[in-house]
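These notes concern the structure reproduced below.
All values below were derived from every heavy atom in this structure, side-chain atoms included, with hydrogens, water molecules and symmetry-related copies excluded. Each chain gets a letter, A, B and so on, in the order its sequence line appears, and its residues count up from 1.
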Amino acid sequence: MTPSELGAAVRAAVVAAVDAGELAVAPPAEVAVERPRVKEHGDYATSIALQLAKPAGRPPREVAELLAARLREVDGIDAVEVAGPGFLNLRLAQASLGAVAVQVLAAGEAYGTNDSAAGQRVNLEFVSANPTGPIHIGGVRWAAVGDALGRLLEASGAEVAREYYVNDAGNQFDLFAASMLARATGRKLPEGGYQGDYVADYAARIVAERPDVSELPEEQALAVFRERGLPLVIDEIRASLSSFGVEFEVWFSEQSLELSGAREQALKTLRAQGHVYDQDGAVWLRTSDFGDDKDRVLVKSDGASTYFLSDAAYYLDKRGRGFDHCLYMLGADHHGYVGRLKAIAACAGDDPATTIDVRIGQLVNVVKDGQVLRQSKRLGQYTSLDDLVSLVGVDAARYLLARSSVDSTLDLDIEQATRQSSDNPVFYVQYAATRAASVLRNAADMGIAEPDPASVDLSLLAHPRENELLLALAEFPAVVATAAELREPHRVARYLEEKVAKSAQRFWDDCQVLPKGDEEVAPTTAPRLLLWRATRTVLENGLRLLGVNAPERM
RNA sequence: GCCCCCGUAGCUCAGGGGAUAGAGCGGCGCCCUCCGGAGGCGUAGGCGCAGGUUCGAAUCCUGCCGGGGGCACCA
């Protein structure tokens with residue numbers, strides 16, 4: 001019996017009590033059971049009686065007793081007790097608990113998928129770093145977290161488009177082109193120009209293709225560097241992300257918004273909604289009507305449109321393509337932007353609470369030899385995606401970046417990331433996965449066939465370690481659904497570490513599976529092999545959601 | 001000045017209103033004739049402060065105090 005089945009059983013008990021006239025309440029749409037912290041409180045517990053007590057006008061323990069009487073009759077529930085102020089503590093029958101392993105095996109790669117986000121069309125914009133050089137560490141955090149979130153949403157039934165917004169129209173990109181020109185001609189870098197060595201490399205490649213470029217007038221030369229530089233940078237970014245396991249469906253050019261007339265169209269749309277006005281020669285959007293602290297300029301008094309207008313046009317474009325949820329994953333320096341984005345949606349007649357969802361991520365500190373490495377993109381001194389991968393590998397980088405809440409500043413310790421011991425979380429989880437693989441491999445080598453789930457006596461999985469592990473595996477679908485709903489992939493990682501890998505190691509320690517020496521094959525061998533296979537499946541599925549491999553051996 | 005994030009064990013971090021707040025590292029003490037000890041077990045140790053909401057608060061609200069980041073007719 002899974003937690004959701006158990007929750008449904010509890011709800012059914014409520015409905016039955018209501019129908020019998022014993023409880024005068026409206027039954028809740030769903031009832032959740034949770035794992036109690038203390039195992040004396042049973043396999044699962046629910047506080048439903050405490051919640052219903054007030055509307056029912058009855059003492060909580062009395063409500064609990066009503067429900068307990070009904071739940072005791074349910075097949076698969078072994079014991080029900082009323083505890084404390086009115087908790088219902090539930091204990092599953094052994095075979096019912098063991099059935100979780102069979103369910104995991106039956107679902108296989110699909111175990112963990114759920115329909116909590118079914119029918120949603122989600123536009124997921126992340127990374128979107130300026131095309132002025134390799135992806136920096138902050139972008140890598142978003143690559144890891146954003147892609148994992150995409151996988152979680154897909155596993156929860158949503159249709160997801162991963163999108164990278166290419167800022168190829170603004171000052172930063174112009175400055176980058178000017179920096180390449182300066183490098184190509186040996187002239188002085190413009191103020192605030194990009195100083196990294198890669199700038200010279202790009203410049204040299206462009207000069208090799210267009211030897212005449214240094215003799216062109218400055219404007220034309222800049223145009224060449226812009227035009228030729230963009231694909232160079234984008235290709236490199238795309239290749240880095242791809243080697244990181246992250247693929248974007250759409251690379252959306254900011255320039256294209258101007259060329260296609262989308263910006264003018266957006267201006268018209270917003271005007272038609274009545275939130276645009278002219279003042280001081282500029283065109284403004286009255287975002288302050290919707291909670292922004294001040295109005296924002298769409299078209300400057302010199303006639304040039306702002307980045308903000310591009311954002312509005314881009315948002316309207318996404319909506320026009322049928323996305324009902326636009327997710328933005330932005331760096332901490334963009335937090336002031338949230339209100340403006342929501343105001344755009346509101347000005348366009350949407351409800352920003354449903355169409356806009358912005359996640360702000362805090363900084364990443366790269367720690368090496370106990371020191372935080374200082375990062376400066378402009379100076380070209382920073383840890384790029386490729387640097388990080390060459391230092392710690394894709395698995396460690398993705399896992400360690402995705403295992404922390406983006407609300408917290410993250411310290412990524414290079415030494416720790418490569419350590420082969422349990423103080424390295426990615427190693428710990430992968431190790432549990434390889435241990436599962438090795439048991440299964442050894443069984444095969446010994447000529448012990450993998451058992452047919454239908455013919456295994458699941459009630460033999462009665463050891464406390466086995467129960468603990470089964471309960472952990474049963475949680476997986478709910479963990480995936482919650483992580484997707486809250487847009488918090490780190491919940492999956494923590495679950496894998498603290499629940500699955502931990503329980504698996506303890507199971508290993510106390511529950512021998514295969515015969516040693518002259519021993520006979522034990523009755524517990526088959527059910528335990530089944531449990532190891534189920535454990536391996538959950539670890540594989542969970543790691544896959546984070547874009548991390550589950551190796552067969554380390 | 002205004003806005004956002006954070007403050008939980010000595011350290012790095014989990015804990016979307018529930019019972020006795022959890023992991024890893026570091027302390028201390030244990031466990032290898034045995035499927036991978038690259039592990040496991042035990043033990044000590046904690047919610048920044050003050051109010052509020054609630055039957056119940058680490059969690060929600062307000063105010064302080066500390067740390068990080070940000071304010072544009074830049075992108």
Earlier contact from the 5' end, RNA chain B, for Ser405(A) and Trp508(A): Ser405(A)
Which is more 5' along RNA chain B, the nucleotide nearest Leu88(A) or the one nearest Asp510(A)? Just name the residue. Leu88(A)
It should be established whether [X] places a side-chain nitrogen or oxygen under 4.0 Å from OP1 or OP2 of nucleotide [N].
X         : N      : result
Arg340(A) : A72(B) : yes
Arg37(A)  : A19(B) : yes
Arg403(A) : G24(B) : no
Lys499(A) : G15(B) : no
His490(A) : G15(B) : yes
Arg491(A) : G16(B) : yes
Arg435(A) : G37(B) : yes
Arg506(A) : C41(B) : yes
Tyr428(A) : G40(B) : yes
Lys502(A) : G24(B) : yes

Does one side chain, of Glu488(A) or Ser405(A), offer a donor that lies under 3.5 Å from an acceptor on the other?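 Ser405(A) and Glu488(A) do not have a side-chain donor-acceptor pair below 3.5 Å.
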Any chance the side chains of Gln172(A) and Tyr194(A) put a donor and an acceptor closer than 3.5 Å?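 The criterion, which ignores hydrogens and geometry beyond distance, is satisfied for Tyr194(A) and Gln172(A).
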Which nucleotide in [options] has an atom nearest any side-chain atom of [X]:
X         : options                : answer
Ala332(A) : G69(B), G22(B), A75(B) : G69(B)
Pro85(A)  : A14(B), G18(B), A75(B) : G18(B)
Asp509(A) : G39(B), C55(B), U12(B) : G39(B)
Gln362(A) : C35(B), C5(B), A23(B)  : C5(B)
Asp333(A) : G70(B), G39(B), C13(B) : G70(B)
Phe427(A) : G39(B), A75(B), G15(B) : G39(B)
Lys294(A) : A14(B), A19(B), A72(B) : A72(B)

Flag this pair as yes if the NZ/CZ of Arg286(A) is under 6.0 angstrom from the six-membered ring centre of Tyr277(A) and inside a 45 degree cone about the axis; otherwise no.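 Yes, a cation-pi geometry holds between Arg286(A) and Tyr277(A).
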Counting any heavy atom closer than 4.0 Å, what does Ala304(A) reach on the DNA or RNA strands: base, sugar-phosphate only, or nothing? nothing
Within this structure, what is the [atom1]-to-[atom2] distance between [X] and [N], rounded to whole angstrom?
X         : N      : atom1 : atom2 : answer
Gln512(A) : G37(B) : CD    : P     : 12 Å
Asn424(A) : G26(B) : CG    : P     : 13 Å
Tyr431(A) : G24(B) : OH    : C1'   : 16 Å
Asn365(A) : C6(B)  : CG    : C1'   : 13 Å
Glu497(A) : A14(B) : CD    : C1'   : 9 Å
Asp293(A) : G1(B)  : CG    : C1'   : 13 Å

Tell me whether C32(B) sits syn or anti, counting syn as a glycosidic angle within 90° of 0.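 Base orientation: syn.
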What about [X]: does its side chain form a donor-acceptor pair under 3.5 Å with the base of [N]?
X         : N      : result
Thr482(A) : G16(B) : yes
Asp174(A) : A75(B) : no
His335(A) : G69(B) : yes

Please state the P separation for the pair G27(B) and C11(B) - nearest whole angstrom. 15 Å
Check ion pair Arg528(A)-Glu466(A) (N to O, under 4.0 angstrom):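 Looking at Arg528(A) and Glu466(A), the cut-off is met.
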Any chance CD of Glu191(A) has more than 12 other-residue heavy atoms, nucleotides or ligands included, within less than 6.0 Å? no
Spell out, as yes or no, whether a donor-acceptor pair under 3.5 Å connects the side chain of Arg11(A) to the backbone of Pro28(A).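 Pair found, side chain donor or acceptor close to backbone of Pro28(A).
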Worked verdict on Tyr328(A) versus His334(A) for ring pair (Phe, Tyr, Trp, His ring centres under 6.0 Å): CA-CA 11 Å; Tyr328(A) 297 79; His334(A) 279 70; over 10 Å; no
